[in-house]
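Naming: A, B, ... by sequence-line order, numbering from 1 per chain.
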There are 2 protein chains.
Amino acid sequence: MSQTPEKPDESNPQAHVPKAIVSRLSLYLRELQHLVRDGAETTSSTQLGKLLGFTDAQVRKDLAHFGQFGYPGIGYRCAELIEAIRKILNTNRSWRVGLVGVGNLGRALLGYRGFSQQGFEVVAAFDLRRELVGTRIEGIEVFHLDDLPRIAQQRDIRLGIIAVPAEAAQSVADRFVEAGVEGVLNFAPVTLSLPGSVRTVGVDLAIELEQLAFAVANLGKSR
Amino acid sequence: MSQTPEKPDESNPQAHVPKAIVSRLSLYLRELQHLVRDGAETTSSTQLGKLLGFTDAQVRKDLAHFGQFGYPGIGYRCAELIEAIRKILNTNRSWRVGLVGVGNLGRALLGYRGFSQQGFEVVAAFDLRRELVGTRIEGIEVFHLDDLPRIAQQRDIRLGIIAVPAEAAQSVADRFVEAGVEGVLNFAPVTLSLPGSVRTVGVDLAIELEQLAFAVANLGKSR
DNA sequence: TAGATTGTTAATCGATTAACAATC
DNA sequence: TAGATTGTTAATCGATTAACAATC
């Protein structure tokens, strides 16, 4: 067996992408969108780096991981790079999302315009409270949680958002899995245990404040 | 000059803490609190690792970075380790927080019980809309944004939360800085430009969904 | 052309894992 | 004692930075 030497992989650029790169990709995308809104045609690794606090070398390396998007001597064409990144992130097509937990946070998320702008469509909400079922919040229908499997299938829901109290989060996660959802965004302050076939991203608001408190208290020590 | 060899630093354990460790520290803390609530007296690096999907070696290494908290043959005493981590994160004392932007998301954050449980006290809210000024939301007084400097000083506010639309975020950040706030938690989808003396943590809800979408679409490629 | 900027290689730096003596 | 588990060292692995030829 002649073993092909491991190059960053041209034929299949997506193979094995470091998580750190993916998270920066989202930031590049956001800056590029701002640049376009401000009328910029092109940008450079130096400019993107300055805006985000990264080195220019890192920006180039990150992007080069997926192919050649730039023009030597010119930089990157914003519109082109936006399309390329959206394709990498798979947000060039829209994702259908279901949300469970129509409390304060759930309502806020249902009203968040940023989701649809980036290719996410919340197509149904769910709750246990009968008085909410059948209402519309921010234009989105609220169903009983028991209807999750049916509606998820009908509406082709692939991602789930959990906005319920900590105690209920795991059981909601299990319901999402049963309903065939492929990924879960969890706002409850618990670690979910899910089958390996389902991806999860957690956002813990208190933890974000903790990280900030640490950074503040250790200012100076860090730089 | 006899140069002391660089050890992980016993005298000043906080010197130069990798960001990755700090973020896991918050996760350890959360699991430990769950374990205590479930009646556990002690835990081990193996158990913590399993709960969070890390290796036992990593758990031990992370904790050892700050000193010796464990007991060979026994593990870690939960209550003790919780205290140690809270001390490291500086959440063993309470932080006073101000929030700007009493929209959907702002209201949800004002009502979030998780903050106070982890040592954060939201002591005032601010908005531009006159009809909100003077009201209380979730028990928290709403002031006009122009009162930020005065109230921030009066109430000893050290951290700020930005929950306003993207267009307003930078100007709110500037106001926080003027008011003497030391750290900012930013929910607007923009990169803030702040003086080096002020720390910032950003939470972009759409980016979290993007990361999830990428992970889902690349399932299999990643493991 | 001169200046700007890319993609890429090599060097550096940092983080994770495995292994094990020491400890209870 | 035997079994469990730590803290720590050394080995591995991965990510960042610096430098520069190639390109426009």
Student: Reading 5' to 3' and counting Watson-Crick or G-U wobble pairs with both distances under 3.5 Å, write the dot-bracket notation for DNA chain D, | for bases paired outside the strand.
Tutor: ..||||||||||||||||||||||

Student: Do the side-chain N and O atoms of B:R60 and B:S45 include a donor-acceptor pair separated by under 3.5 angstrom?
Tutor: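 Note: B:R60 and B:S45 side chains meet the donor-acceptor criterion.
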
Student: Run the side-chain donor-acceptor check on residues 205-212 of chain A: report pairs under 3.5 Å with partners two or more places apart or on a different chain.
Tutor:
from	atom 1	to	atom 2	distance (Å)
A:E210	OE1	B:S26	OG	2.5
A:Q211	NE2	B:V22	O	3.0
A:Q211	NE2	B:S26	OG	2.9

Student: Of the residues in residues 78-85 of chain B, which ones touch DNA chain C at a heavy-atom distance under 4.0 Å?
Tutor: none

Student: Look at the side chain of A:D204 and the backbone N and O of A:G202, then say whether any donor-acceptor pair between them is shorter than 3.5 Å.
Tutor: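 Absent.
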
Student: Do any side-chain atoms of residues 182-198 of chain B form donor-acceptor pairs under 3.5 angstrom with protein atoms, and if so which ones, sequence neighbours left out?
Tutor:
from	atom 1	to	atom 2	distance (Å)
B:E182	OE1	B:R158	NH2	3.2
B:E182	OE2	B:R158	NE	2.7
B:N186	OD1	B:A188	N	2.9
B:N186	ND2	B:A188	O	3.2
B:N186	ND2	B:V190	O	3.1
B:T191	OG1	A:R30	NH2	3.0
B:T191	OG1	A:E31	OE2	2.5

Student: Check nucleotides 13-16 of chain C against the protein and report each pair of N or O atoms closer than 3.5 Å, with its distance, or say if there are none.
Tutor:
from	atom 1	to	atom 2	distance (Å)
C:dT16	OP1	B:R24	NH1	3.0
C:dT16	OP2	B:R24	NH2	3.0
C:dT16	OP2	B:Q58	NE2	3.3
C:dT16	O5'	B:Q58	NE2	3.1

Student: Rounded to whole Å, how long is the line connecting atom CZ of B:F54 with atom P of C:dA18?
Tutor: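 The answer, rounded to whole Å, is 15 Å.
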
Student: Can you confirm whether more than 12 heavy atoms, excluding those of B:E80, are under 6.0 Å from its CD atom?
Tutor: yes

Student: Can you measure A:H65 atom NE2 to C:dT9 atom P for me and round it to whole angstrom units?
Tutor: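 It works out to 14 Å between those atoms.
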
Student: Under the side chain to side chain donor-acceptor pair (under 3.5 Å) definition, can you give me all pairs with a residue in residues 109-119 of chain B, not counting sequence neighbours?
Tutor: B:Q33-B:Q118

Student: Please list each protein N or O that sits under 3.5 Å from an N or O in nucleotides 2-6 of chain C, with the distance.
Tutor:
from	atom 1	to	atom 2	distance (Å)
C:dT5	O4'	A:G73	N	3.4
C:dT5	O2	A:G73	N	3.1
C:dT6	OP1	A:S45	N	2.7
C:dT6	OP2	A:S45	OG	2.5

Student: Can you name the side chain to side chain donor-acceptor pair (under 3.5 Å) partners of B:Y28, sequence neighbours left out?
Tutor: B:D62

Student: Got a sec, which residues hit ring-ring contact (aromatic ring centres under 6.0 Å, His included) with B:Y76, two or more places apart in sequence or on another chain?
Tutor: none

Student: So, using salt bridge (Lys or Arg N to Asp or Glu O under 4.0 Å) as the criterion, who are the partners of B:R86 when residues are at least two apart?
Tutor: none

Student: Backbone N or O of B:R155 within a donor-acceptor pair of the B:R96 side chain at under 3.5 Å?
Tutor: yes

Student: Could you list the residues that satisfy salt bridge (Lys or Arg N to Asp or Glu O under 4.0 Å) with B:R107, not counting sequence neighbours?
Tutor: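 B:R107 satisfies salt bridge (Lys or Arg N to Asp or Glu O under 4.0 Å) with no other residue.
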
Student: For A:W95 and A:I157, indicate whether the former's side chain and the latter's backbone hold a donor-acceptor pair under 3.5 Å.
Tutor: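 Not confirmed, A:W95 side chain does not pair with A:I157 backbone.
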
Student: Strictly by salt bridge (Lys or Arg N to Asp or Glu O under 4.0 Å), give each pair with a member in residues 167-179 of chain A just once, sequence neighbours left out.
Tutor: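 Listed by first then second residue: A:D146-A:R175.
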
